[in-house]
2 protein chains.
Amino acid sequence: MNSLDHQIIGLLSEDAKRSLADIGQHVGLSPSSVNERIRRLTETGTIRRFTVDLDPGKLDRSTLAFVWIALRDDADESAFRQYAVDHPLILECHHVTGSWSYLIKIRVGAITEVESFISDLKAHRFLGRSETVIALSSAVDGGFLRKNRL
Amino acid sequence: MNSLDHQIIGLLSEDAKRSLADIGQHVGLSPSSVNERIRRLTETGTIRRFTVDLDPGKLDRSTLAFVWIALRDDADESAFRQYAVDHPLILECHHVTGSWSYLIKIRVGAITEVESFISDLKAHRFLGRSETVIALSSAVDGGFLRKNRL
DNA sequence: AGTGAAAAAATATAAGT
DNA sequence: ACTTATATTTTTTCACT
């Protein structure tokens with residue numbers, strides 16, 4: 001991982017459809033060399049995958065909410081984690097420091113879905129207490145490590 | 001945006017390097033049709049861009065922190081938002097409901113950088129109060145809207 | 001909207017420095 | 001490691017249904 005790799009990563013995260021030739025021009029390498037570096041970055045796991053950045057609003061997921069969770073004392077924590085992995089609305093679920101045990105980030109179509117989300121947590125007997133925070137607007141979003149963020 | 005588009009989006013978000021032919025096989029369309037649908041999804045902004053999912057750990061950004069911010073009473077809020085946009089460590093910055101005004105998500109190489117991050121907020125006279133929560137581990141991460149999350 | 005065929009472009013491979 | 005040249009695959013375009 002040297003400076004060239006960083007540059008390549010920066011260009012790819014900005015637009016992964018750039019051709020190897022185009023990237024090569026920017027960083028001063030031939031297409032084959034760029035190709036080989038991307039292959040290695042992918043192999044070593046620095047690049048996890050090529051993907052698309054989607055607009056949540058266009059996919060009926062305009063509402064962003066953060067839900068703090070305190071698990072029940074008798075909750076099966078590994079079952080909870082698996083539940084989070086499988087849950088279609090949960091984008092992030094972090095075990096955190098502080099007075100809450102987990103911070104969950106969800107995107108839903110409407111605020112009413114937050115309520116059913118929490119009800120479901122209760123029904124599964126995971127939930128002790130919770131507190132929900134709604135995002136009114138986002139100055140920065142995307143969640144990616146981006147070009148100017150490396 | 002019909003079911004075929006959703007399927008295509010799902011496949012792309014899983015692996016945006018799949019060929020049009022491959023996607024076509026899965027959804028039952030010709031490569032040209034898939035191409036046309038992806039073109040339209042991109043044009044309408046449903047697909048914002050093609051990008052790469054990077055491993056923060058491999059890029060010296062292993063530490064994930066959430067910083068709750070209450071702005072100073074006299075803070076210039078639009079200046080703060082611009083500061084957030086320009087800041088290299090800030091992955092997300094949301095204006096939120098509740099007793100805090102903003103929730104910021106940052107990824108840093110080491111926990112010590114969180115301190116300098118907050119000092120800088122203070123130096124810019126944005127910060128009233130703040131509270132930092134560190135992620136100890138993540139059951140779900142990535143931040144993308146993913147295949148099974150549409 | 002979708003298809004199939006042809007053209008254009010991009011990627012992957014291999015031989016040489 | 002990188003480059004150039006070649007082979008292969010993919011993407012794009014277009015005439016037609």
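Just so it is clear: chains get the letters A, B, ... in the order the sequence lines come, proteins before strands, and each one is counted from 1. From a predicted model like this one, the values you see are computed outputs, not experimental measurements.
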Next on the checklist: Counting only side-chain nitrogens and oxygens, does B/Asn35 get under 4.0 Å of the OP1 or OP2 atom of D/dT12?
Outcome noted: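 Result: yes.
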Checklist entry - Between D/dT4 and A/Ser30, is there an OP1 or OP2 to side-chain N/O distance shorter than 4.0 Å? => result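 No, because none of the side-chain N or O atoms of A/Ser30 sits under 4.0 Å from OP1 or OP2 of D/dT4.
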Checklist outcome for this item: Walking DNA chain D from its 5' end, the first of A/Pro31 and B/Leu20 to be reached, judged by nearest nucleotide, is A/Pro31
Next on the checklist: Within the 4.0 Å heavy-atom criterion, would you say B/Arg37 contacts the bases, only the backbone, or no part of the nucleic acid?
Outcome noted: sugar-phosphate
Next on the checklist: Heavy atoms only, 4.0 Å cut-off, all strands: where does A/Ser32 land among base, sugar-phosphate and nothing?
Outcome noted: base
Rounded to the nearest Å, what distance is computed from the [atom1] atom of residue [X] to the [atom2] atom of nucleotide [N]?
X	N	atom1	atom2	result
B/Arg39	C/dG2	CZ	P	12 Å
B/Asp5	C/dG2	CG	P	8 Å
B/Gln25	C/dG4	CD	C1'	15 Å
B/Asp22	D/dT10	CG	P	9 Å
B/Leu29	C/dG2	CG	P	5 Å
B/Ile38	C/dA1	CD1	C1'	15 Å
A/Ile23	C/dA10	CD1	P	11 Å
A/Leu4	D/dC2	CG	P	7 Å

Checklist entry - Under the side chain to side chain contact (heavy atoms under 4.5 Å, CB included) criterion, do A/Phe117 and A/Val108 qualify, and how do the steps go? => result CA-CA 9 Å; A/Phe117 172 75; A/Val108 293; 5.8 Å; no
Item to check | Side chain B/Asp22, main chain B/Gln25, donor-acceptor under 3.5 Å | outcome: no
Checklist entry - Looking at D/dT3, D/dT10, C/dT11, which one has an atom nearest to any side-chain atom of B/Ser19? => result D/dT10
